[in-house]
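Report on the following structure.
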Amino acid sequence: MYYTTGFRRDEIQDLVAIVYEQDQRDATEACLSWPPVLGLFWSVVITLAYLRGNRVQWELAETYGVSQSTVSRAITGVTPLLAQALRSVVPTAEELRADRQYIIDGTLLPCWSWAAVPGLWSGKHRTTGVVVQVAATLEAYSGPVK
């Protein structure tokens, strides 16, 4: 699971618990944010695999034995929940330490054309997509390894 998502199973379980709590706090209606056929755990796994490798939804559907539309619903429902749940642990530019060196890079993750969302158009790349920027330290990860 680590190679497809970037997380170990126990880390995903912790993330699922955080996402579930976040969804329960924000729940305003009785419907789930993720497809019931997958459940929250597999919806998070599929979303992480999609975000990590920009994998095609048909490929994910075949890998996990569900339809492409189910994968699409999982990604659409879980992505905002992940963003909300992780907001407190993602530092802002002002919170980065001045005494450290960082590697900062960005890329455009392509997506299909959304006429109703003109912000997805990249003039530089002349296509639609979501711009993702990443900041990383030069220090090695020193957390627990299992």
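It should be emphasised that the depicted structure is a prediction, and the values quoted were computed from it without experimental measurement.
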Is [X] atom [atom1] crowded by more than 12 heavy atoms from other residues, nucleotides or ligands, each under 6.0 Å away?
X	atom1	result
Phe41	CZ	yes
Gln68	CD	yes
Gln101	CD	no
Tyr102	OH	yes

Hydrophobic clusters here meaning ILVMFWY residues chained together by side-chain heavy-atom distances under 4.5 Å, can you tell me if [X] and [Y] are in one?
X	Y	value
Val66	Trp58	no
Tyr20	Ile18	no
Val37	Trp34	yes
Tyr50	Leu86	yes

Ser69 versus Ser72, side-chain donor and acceptor atoms under 3.5 Å: no
With side chains defined as the heavy atoms from C-beta onward, is the minimum distance between Leu82 and Leu48 less than 4.5 Å? yes
Taking side chain to side chain contact (heavy atoms under 4.5 Å, CB included) as the criterion, tell me which of Thr76, Ile75, Thr70 meets it with Arg73. Thr70
Indicate yes or no for a side-chain donor-acceptor contact from [X] to the backbone of [Y] under 3.5 Å, with no hydrogens or angles considered.
X	Y	result
Glu95	Thr92	yes
Arg52	Tyr3	yes
Glu11	Arg8	yes

Please find the pair of heavy atoms, one from Leu60 and one from Ala49, that lie closest to each other, and give the distance. CD2-CB, 4.0 Å
